[in-house]
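Report on the structure given below.
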Amino acid sequence: MQGLREVIGLKRSVFYMEYPCHSETEHRWFIMRVSPFHYQQKLYLVVVHQNITQRKLAEFEVLKLSREDELTGVANRRCFDEFIQQEWNRCARLSMPLMVALIDIDKFKEINDHNGHQIGDACLIEFGRLLKTVANRPSDLCARFGGDEFVVVWGNTSEHQADLLVGRLMAGLAAVNGDAQSPTPTFTVSIGLASMQDDPVDSVAALLRLADERLYLAKRGGRNQVAARYLGCSRELRQ
Ligand SMILES: Nc1nc2c(ncn2[C@@H]2O[C@H](COP(=O)(O)OP(=O)(O)OP(=O)(O)O)[C@@H](O)[C@H]2O)c(=O)[nH]1
């Protein structure tokens with residue numbers, strides 16, 4: 001605690017430190033303020049602890065909101081851009097694979113037009129929820145790119161593992177589509193998959209570009225498809 005030493009040595013007039021002090025039942029933060037006080041030629045220190053929990057919680061909420069898509073609760077584009085670059089760097093350093101999936105809901109304009117915007121929103125929310133179920137690890141993140149387009153990055157994940165995750169995602173979508181109580185109409189998605197390790201890419205931008213090209217292939221191939229290197233072209237998604 002250099003700052004505290006400096007106050008004791010009279011090199012500075014005040015020292016502040018914020019610190020967590022959680023109890024069994026609640027999160028709490030405090031700020032400690034230390035300043036010198038001279039009395040009858042002796043040096044004393046005045047130490048004040050103030051509870052700043054409300055301010056801290058408000059700061060965390062603002063931070064969360066700035067990184068989250070308001071409608072679906074998944075990460076937003078800004079958060080994703082930061083995360084994927086860090087994960088790319090980490091996987092490159094440790095020679096680990098990394099996969100990215102760009103996913104677009106098929107004919108979403110028709111869903112909106114036929115059922116109304118609220119139901120369209122419900123599809124986006126439901127799909128965001130499904131995506132979270134296949135992006136659980138600290139090295140994974142799903143995000144909304146905008147409109148009806150989503151993206152997932154899977155760190156330390158091979159093409160084979162990504163294929164299994166896509167299968168799980170499709171099983172989840174099939175369950176939603178098959179649920180008579182679901183407020184959402186049946187919908188399908190198209191997916192473009194790209195691999196940091198197995199595809200000829202040298203940057204995050206190139207990886208996302210390739211995933212986007214493959215997403216386009218999947219759309220052109222008839223939608224409800226996944227396109228990836230290991231598939232040669234694209235394959236119909238089984239739901
Ligand atoms: N309900 C709702 N609709 C949105 C939102 N953001 C974008 N959209 C709509 O999403 C639709 C996307 O349509 P397109 O980009 O034409 O794509 P598409 O109809 O899915 O067609 P394909 O991608 O080719 O299968 C547009 O009609 C947008 O207005 C949103 O937050 N909520």
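Counting starts at 1 for both ligands and their atoms, in listed order. Since we're looking at a predicted model, the values are computed, not measured.
- Here the heavy atom of the protein found nearest to atom 28 (C) of ligand 1 is Asn112 ND2, 4.4 Å.
- No donor-acceptor pair closer than 3.5 Å links the side chain of Ser182 to the backbone N or O of Asp179.
- Taking every heavy atom of Arg144 and a limit of under 4.0 angstrom, the matching atoms of ligand 1 come to 5 (C), 6 (N), 30 (C), 31 (O).
- With atom 1 (N) of ligand 1 as the reference point, the heavy atom nearest to it among Asp113, Asp121, Thr72 is part of Asp121.
- One option in Lys107, Arg220, Arg223 has a heavy atom closer to atom 24 (O) of ligand 1 than any other, and that option is Arg223.
- Using a 4.0 Å cut-off between a side-chain N of Lys or Arg and a carboxylate O of Asp or Glu, Glu18 and Arg55 qualify as a salt bridge.
- Of all atoms in ligand 1, numbered sequentially from 1 with element shown, those under 4.0 Å from a heavy atom of Asp106 are 20 (O), 25 (O).
- What sits closest to atom 10 (O) of ligand 1 on the protein, heavy atoms only, is Phe108 CD2, 3.1 Å.
- For atom 22 (P) of ligand 1, the nearest protein heavy atom (residue, atom name, distance) is Lys219 NZ, 3.4 Å.
- Which parts of ligand 1 touch Asp104 is read off a 4.0 Å heavy-atom cut-off, strictly below it: atoms 20 (O), 23 (O).
- When hydrogens are left out, the protein atom nearest atom 19 (O) of ligand 1 is Lys109 N, 2.8 Å; that is the closest non-hydrogen contact.
- Close approach of ligand 1 to Gly120 (heavy-atom distance below 4.0 Å) involves ligand atoms 1 (N).
- Trp88 has its ring centre no less than 6.0 Å from the ring centre of Phe83.
- Protein heavy atom at the shortest distance from atom 7 (C) of ligand 1 is Gly147 CA, 3.4 Å.
- Qualifying salt bridge (charged side-chain N to carboxylate O under 4.0 Å, His left out) partners for Arg129, counting only residues two or more places apart in sequence or in other chains: Glu126.
- A salt bridge between Asp106 and Lys219 is present, with a side-chain N of the basic residue lying under 4.0 Å from a carboxylate O of the acidic one.
- A salt bridge links Arg214 with Asp199: the closest approach of a Lys/Arg side-chain nitrogen to an acidic carboxylate oxygen falls below 4.0 angstrom.
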Sequence neighbours excluded and cut-off under 3.5 Å, please list the side-chain donor-acceptor pairs for residues 34-47, or say none.
residue, atom, partner, partner atom, Å
Ser35, OG, Arg33, NH1, 3.4

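- At a heavy-atom distance under 4.0 Å, only side-chain atoms of Leu124, from C-beta outward, approach ligand 1.
- Scanning the protein heavy atoms around atom 17 (O) of ligand 1, the nearest turns out to be Asp148 OD2, 3.9 Å.
- A donor and an acceptor atom, one from each side chain of Asn89 and Gln85, are located under 3.5 Å apart.
- Using a 4.0 Å cut-off between charged nitrogen and carboxylate oxygen, Arg229 and Glu159 count as a salt-bridge pair.
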